[in-house]
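What follows is a set of notes on a single structure, which appears directly below.
Residue indices begin at 1 and follow the sequence shown. Ligands are counted one by one from 1 in listed order, and the atoms in each one are counted from 1 as well.
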Amino acid sequence: MAKIFLVDVTNRDGVQTARLGLSKLSKTMINIYLNEMGVYQSEFGFPTTKHESNYLRANLKLQEIGVLKPISLGGWIRATVGDVEKAIQMVPEIQDLNLSISTSQQMIQGKFRGSKTEEDILKMAEEAIRAARSHGIRNIGVNAEDASRTDIDYLLRFAKLAKENGAHRFRYCDTLGYENPFSIYKSCKRIAKEVDIPMGIHCHGDLGMAVANSVAGAMGVIDGGQDAYINTTINGIGERAGNADLVAVILALKKSKGLNRKYHFGMPVQLSKAWKLCKYTSYSFDIPIPINQPGVGANAFAHASGIHADGVLKDPENYELYDFKELGRGEPQMVETGREICSGEYSGISGFSHIMGKLDIEFKNREEAEEILELVRYANVQAHKPLVDDELHFIATYPDITRQLLTMVPQNC
Ligand SMILES: [Zn+2]
């Protein structure tokens with residue numbers, strides 16, 4: 001039986017959202033948490049963007065030394081030979097690439113303005129996939145941007161061509177959130193069956209259906225006999241109205257009526273990591289989690305009205321579909337309400353030693369403490385807010401990798 005895998009695109013789609021961004025250290029921590037959660041791949045960034053190179057290479061180093069294992073780290077590029085070559089030149093260790101190109105008439109005409117035909121798009125994709133293969137890329141995904149507004153016969157040709165040239169996955173992108181669960185099920189099932197290729201499902205929430213469409217699309221892919229790779233973002237953060245929320249997708253597949261009897265994850269998913277991951281991501285993006293967010297919102301397990309409160313006290317299952325502990329909630333949280341010493345870009349050794357001492361992080365000597373303090377200052381320059389305990393631990397444990405991922409030297413600009 002075909003299975004469902006999760007591909008989280010927070011570090012790609014999430015960070016390209018207007019008004020939002022993440023420091024390179026935050027992106028790294030998110031990769032670590034996604035790995036702990038059982039996510040198959042983090043689409044971790046843009047290998048052709050200069051300021052990403054050191055971060056991407058540092059994370060591939062973490063993969064090599066087993067910190068980011070078994071998660072796959074996929075780079076996002078345009079499906080052109082130029083982008084493939086640039087990606088490999090800038091991030092030589094990269095092994096997983098997702099190649100993206102617009103396939104709808106709207107975008108071919110509206111973006112390329114007559115300079116490209118449908119046949120040109122097929123040729124570009126073919127050449128890019130071949131280039132990726134010739135450079136030994138292990139895992140090649142091909143993304144059809146605006147697939148949902150693409151003529152289905154052309155899309156089938158496109159997906160077949162991707163497969164024939166060695167692509168490992170075909171991504172059906174509902175770039176504008178145009179789909180509904182019934183239509184996406186049908187299209188995905190047909191493509192999976194006729195093209196015989198594992199499929200990614202990438203949905204947006206412009207009509208409020210990103211999670212439902214992702215689940216229905218994945219059902220279609222599996223009923224078509226192929227593995228499905230659902231694209232998610234943490235807290236649903238992404239372009240415009242956002243992407244399919246990671247936790248909501250997991251909850252839907254595990255808890256929705258009858259679904260878990262037929263559709264299964266290909267890797268064990270640790271839902272208990274959800275609370276920490278979502279809180280951290282909210283802090284890093286500097287945007288609150290909506291109170292009505294499934295699973296992790298402040299009201300997800302709150303009951304005020306008489307009948308509900310009475311019912312849930314008698315038996316939680318009266319008014320709750322799942323337990324808060326399943327999401328890693330319920331632990332008391334310490335919030336400092338008095339004096340607080342926190343990290344900053346102008347921190348000194350005394351305050352820093354105090355912070356690290358509280359975390360039981362010890363240094364061999366003063367030189368080592370000074371070195372880590374310097375890295376913490378740099379991390380704060382990017383973060384613009386106090387670092388969290390896990391970040392401080394990370395810096396103290398992997399100073400060389402931290403130095404690499406924080407280094408940004410504008411060159412040839
Ligand atoms: Zn997107």
Side-chain angles (χ1 to χ4, degrees), residues 5-22 27 30-31 34 39-49 52 72-80 83 96-104 106-108 110-111 121 125 140-150 155 158-159 162 167 169-181 183-184 187-188 191 199-218 221 228-249 281 285 287:
F5 297 85
L6 297 165
V7 172
D8 190 86
V9 299
T10 306
N11 279 333
R12 199 276 298 171
D13 219 328
V15 296
Q16 66 186 45
T17 307
R19 305 176 215 279
L20 299 181
L22 292 173
K27 293 184 81 170
I30 283 174
N31 291 331
L34 289 172
V39 166
Y40 165 77
Q41 181 178 83
S42 170
E43 190 160 84
F44 73 144
F46 304 88
T48 57
T49 300
E52 289 268 272
S72 140
L73 298 172
W76 187 98
I77 57 171
R78 294 172 301 183
T80 66
D83 265 25
D96 304 348
L97 282 177
N98 296 323
L99 284 47
S100 185
I101 195 162
S102 315
T103 53
S104 67
Q106 164 66 43
M107 286 206 179
I108 295 172
K111 283 165 69 164
I121 298 294
I140 304 169
V142 175
N143 308 351
E145 188 189 25
D146 207 15
S148 48
R149 293 195 300 174
T150 303
L155 196 60
F158 180 88
R169 268 195 321 276
F170 169 71
R171 182 182 292 179
Y172 185 95
C173 300
D174 183 21
T175 308
L176 270 75
Y178 174 57
E179 283 286 2
N180 65 62
S183 55
I184 197 169
S187 301
C188 287
I191 297 166
M199 280 178 68
I201 319 287
H202 183 93
C203 297
H204 279 268
D206 300 70
L207 299 177
M209 292 192 281
V211 173
N213 287 340
S214 302
V215 171
V221 173
Y229 293 79
I230 299 181
N231 289 197
T232 63
T233 61
I234 305 154
N235 300 333
I237 288 163
E239 299 260 34
R240 306 179 313 281
N243 294 57
D245 169 44
L246 170 67
V247 171
V249 164
T281 305
F285 271 121
I287 42 169

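Side chain to side chain, Thr233 and Asp13 fail the donor-acceptor criterion of an N or O pair below 3.5 Å.
Scanning for salt bridge (Lys or Arg N to Asp or Glu O under 4.0 Å) contacts around Arg169 gives an empty result, with sequence neighbours left out. By the side-chain hydrogen bond (donor to acceptor under 3.5 Å, both in side chains) test, Asp174 pairs with Ser148, sequence neighbours left out. In terms of the side chain to side chain contact (heavy atoms under 4.5 Å, CB included) criterion, residue partners of Ala248 (sequence neighbours excluded) are, by chain and number, Val211, Asp245, Pro294.
Protein N/O/S atoms found under 2.8 Å from the Zn ion (ligand 1), listed by chain and residue number: Asp13 OD2, His202 NE2, His204 NE2.
To the nearest 0.5 Å, the span separating CD on Glu179 from NE2 on His204 amounts to 13.0 Å.
Looking only at distances, no side-chain donor or acceptor of Ser104 sits under 3.5 Å from a matching main-chain atom of Thr150.
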